[in-house]
Amino acid sequence: MIPMVDLKEELNLFRDELYEAVKEVIESGSFILGDKGKQLEVEIAKYIGARYGIGVANGTDALFLSLKACGIGPGDEVITTPFTFFATGEVIANIGATPVFVDIDEKKYNMNPAKVKEAITSKTKAIIVVHLFGRAAEMDSIMELAKKNSLYVIEDACQAIGTKYKGRGIGSIGNIGCFSFFPSKNLGAFGDAGMIVTSDDELYERLLLLRNHGSSVRYHHSLLGYNSRLDEIQAAILLVKFKFLNDFIEKRILIAKRYNEKLKGIVKTPEVLGHFEHTFHQYCIETSERDELMVALEKNGVASAVYYPIPLHLQEAFRYLGYRKGDLPVAEKVAENILALPIGPTLSKEQQDYVVNVVKWFFAKK
Ligand SMILES: *Cc1c(COP(=O)(O)O)cnc(C)c1O
């Protein structure tokens, strides 16, 4: 079976170093808010091009705490995309605000800035922009709208660590950038972990408090916070794997380019952009015969996945918002046709050729 991403194969590249790093933490007896976490915060912030990093428990918490730090709550509206992982919309509702979903661009799969503009009301307080599959969203237009209307911009960069927009690190352009180190992300921990970056002193101070029970001095609590910290074992693992990130991204881009050459004219393929503007967390094609193709791939030992089959505005959990089928037609159509193919950094040319051949054989038989 060719998996979406082969984490076991990856392990062969850094097994000894990882075991040593984990052992070091265990022997140190320091597990929460220690040196490894601090080092990871500094290194990730520098890599992204932001002043501060704040390690948190996962990407979802990164988003939730960011909304909290911006003072967003009941009565506020937050604009975002319906074509994303559920967490993006979930955090808006969980903080007590109202998610406002706007349609996407059919080629980029990110929010259409023209639709964002139409959705801004007097209640709008923030935009959560998602860089889906690792492709940079149109930040210039979004930032201009935000500036004009005094809105916070929170970047959901959970799938886009290392992605650049006009040379700048994704996550450093809005007020706050949120990252996930879920195991299958381009930089994955061996469990849950996440990171927030910002260059704003005030937001930084508030986020440090929010992730740790509102406390900077032990047993003194200046506000109501949460328990959402990145632990030392995950930080040690991430510090080792981080050294491979750029190399892994380059490999993903090469694989994407190769898929594009071989699948041209057969299915709709994604654009490969300039330097790191798309880091291919997922490589997604589109075809109206998506479901049948998936079955054929599965039968021939190739994994594939649908990100995402149901846009957020049509999810049962968001029924109370009153959206109907047809409201956001581009997202709805893409959700019916999209399919992600294997693209891990260890995918060999032979494996990739096999995937391509199954796809070609499927369409030739039609
Ligand atoms: C993975 C992901 C999240 C959530 O991250 P977790 O670490 O799993 O909580 C949020 N948004 C997007 C777009 C994601 O891909």
Side-chain angles (χ1 to χ4, degrees), residues 48-50 59 62-63 66-67 70 78-89 91-92 99-120 124-149 151-180 185-186 195-199 249 252-253 256 270-284 286 307-308 311-313 328 330-331 334-335 338 340:
I48 303 300
L63 291 164
S66 297
L67 289 169
C70 293
V78 179
I79 297 171
T80 196
T81 168
F83 197 58
T84 176
F85 178 57
F86 187 66
T88 315
V91 291
I92 299 170
V100 175
F101 298 114
V102 301
D103 214 348
I104 58 169
D105 180 282
E106 65 181 13
K107 261 171 95 174
K108 302 169 183 157
Y109 303 140
N110 288 322
M111 269 193 299
N112 181 340
K115 303 284 179 188
V116 175
K117 189 175 176 188
E118 287 169 19
I120 295 172
T124 310
K125 287 284 154 54
I127 300 169
I128 300 186
V129 54
V130 181
H131 308 285
L132 199 71
F133 305 144
R135 179 179 175 143
E138 287 189 74
M139 291 308 291
D140 280 351
S141 316
I142 303 278
M143 293 310 292
E144 197 188 310
L145 284 172
K147 205 170 163 197
K148 238 185 227 162
N149 297 281
L151 308 176
Y152 285 103
V153 173
I154 296 169
E155 292 181 69
D156 180 342
C158 286
Q159 300 185 3
I161 190 161
T163 298
K164 302 272 189 194
Y165 177 79
K166 300 189 176 173
R168 295 170 70 188
I170 277 304
S172 75
I173 301 168
N175 303 87
I176 301 183
C178 298
F179 297 88
S180 165
K185 299 283 160 89
N186 284 13
M195 179 78 66
I196 302 170
V197 301
T198 185
S199 294
I249 292 173
R252 284 173 180 271
I253 293 169
E271 291 175 289
V272 177
L273 305 161
H275 181 67
F276 275 33
E277 292 205 350
H278 195 330
T279 50
F280 288 97
H281 174 56
Q282 299 296 348
Y283 177 88
C284 293
E286 273 187 71
Y307 308 111
Y308 293 92
L312 267 49
H313 68 291
L328 304 171
V330 182
V334 171
I338 202 156

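Predicted model, so just to flag it, every value in this text is computed and none were measured. The figures that follow rest on heavy atoms only: side chains count, while hydrogens, waters and symmetry mates do not.
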- [ ] Answer yes when E138 and K108 have at least one side-chain N-carboxylate O distance shorter than 4.0 Å, and no when they do not.
- [x] yes

- [ ] Kindly assign one of parallel, tilted or perpendicular to the pair H313 and F101, based on the angle between their ring planes and the thresholds 30° and 60°.
- [x] tilted

- [ ] Keeping the roles fixed (side chain from N149, backbone from L151), state whether a donor-acceptor pair exists under 3.5 Å.
- [x] no

- [ ] Go through the side-chain N and O atoms of H131 and E155 and say whether any donor and acceptor fall under 3.5 Å apart.
- [x] yes

- [ ] For residues N110 and R135, determine if any side-chain heavy atom of one lies less than 4.5 Å from a side-chain heavy atom of the other.
- [x] yes

TODO: Without swapping roles, check the side chain of E277 against the backbone of K166 for a donor-acceptor pair under 3.5 Å.
DONE: yes

- [ ] Nearest 0.5 Å please: distance from the NZ atom of K115 over to the CG atom of D105.
- [x] 11.0 Å

- [ ] Please identify each residue that fulfils ring-ring contact (aromatic ring centres under 6.0 Å, His included) with Y165, with sequence neighbours left out.
- [x] none

- [ ] Give, for atom SG of C178 and atom CG of L63, the distance between the pair rounded to the nearest 0.5 Å.
- [x] 4.0 Å

- [ ] Please lay out, stage by stage, how N186 and T279 fare under the test side-chain contact (heavy atoms from CB on, under 4.5 Å).
- [x] CA-CA 9 Å; N186 284 13; T279 50; 4.3 Å; yes

- [ ] Report yes if some heavy atom in the side chain of Y307 is under 4.5 Å from a heavy atom in the side chain of F133; otherwise report no.
- [x] yes

TODO: If the plane angle is over 60° it's perpendicular, under 30° parallel, otherwise tilted; pick one for F85 and Y308.
DONE: tilted

Task: Step-by-step side-chain contact (heavy atoms from CB on, under 4.5 Å) determination, V153 to I176 - done: CA-CA 7 Å; V153 173; I176 301 183; over 6 Å; no

TODO: Would you mind reporting whether T80 and I127 have side-chain heavy atoms less than 4.5 Å apart?
DONE: no

TODO: Applying side-chain contact (heavy atoms from CB on, under 4.5 Å), run through H281 and K185 and close with a yes or a no.
DONE: CA-CA 7 Å; H281 174 56; K185 299 283 160 89; 3.9 Å; yes

Open item on the list: Could you go through I253 and V272, starting from their C-alpha distance and side-chain angles, then the distance that decides it, and tell me whether this counts as side-chain contact (heavy atoms from CB on, under 4.5 Å)?
Closed with: CA-CA 7 Å; I253 293 169; V272 177; 4.1 Å; yes

Open item on the list: Between S172 and V197, is there a side-chain heavy-atom distance shorter than 4.5 Å?
Closed with: no

TODO: Please report the shortest heavy-atom distance between E106 and Y109, naming the atom on each side.
DONE: O-CE2, 3.5 Å

TODO: Nearest 0.5 Å please: distance from the NZ atom of K164 over to the CD1 atom of I249.
DONE: 9.0 Å

Task: Nearest heavy atoms of L145 and P113, plus distance in Å - done: CD1-O, 3.6 Å

Task: Flag side-chain contact, heavy atom, 4.5 Å: M111 against F83 - done: no

Task: Check: T88 side chain, T84 main-chain N or O, donor-acceptor pair, under 3.5 Å - done: no

Task: Heavy-atom donor-acceptor pair, T163 side chain to G134 backbone, under 3.5 Å - done: yes

Task: Where L312 and G89 come nearest, the two heavy atoms and their spacing - done: CD2-N, 3.7 Å

Task: Interatomic distance, L328 atom CG to I104 atom CD1 [nearest 0.5 angstrom] - done: 9.0 Å

Task: Approximate separation, where rounding is to 0.5 Å, of E286 CD and I338 CD1 - done: 5.5 Å

Task: Non-hydrogen atoms of C284 and A340 that approach each other most closely - done: SG-CB, 3.8 Å

TODO: To the nearest 0.5 Å, tell me how far I48 CD1 sits from F179 CZ.
DONE: 3.5 Å

Open item on the list: Donor-acceptor pair, distance only, cut-off 3.5 Å: does the side chain of D103 make one with the backbone of A331?
Closed with: yes

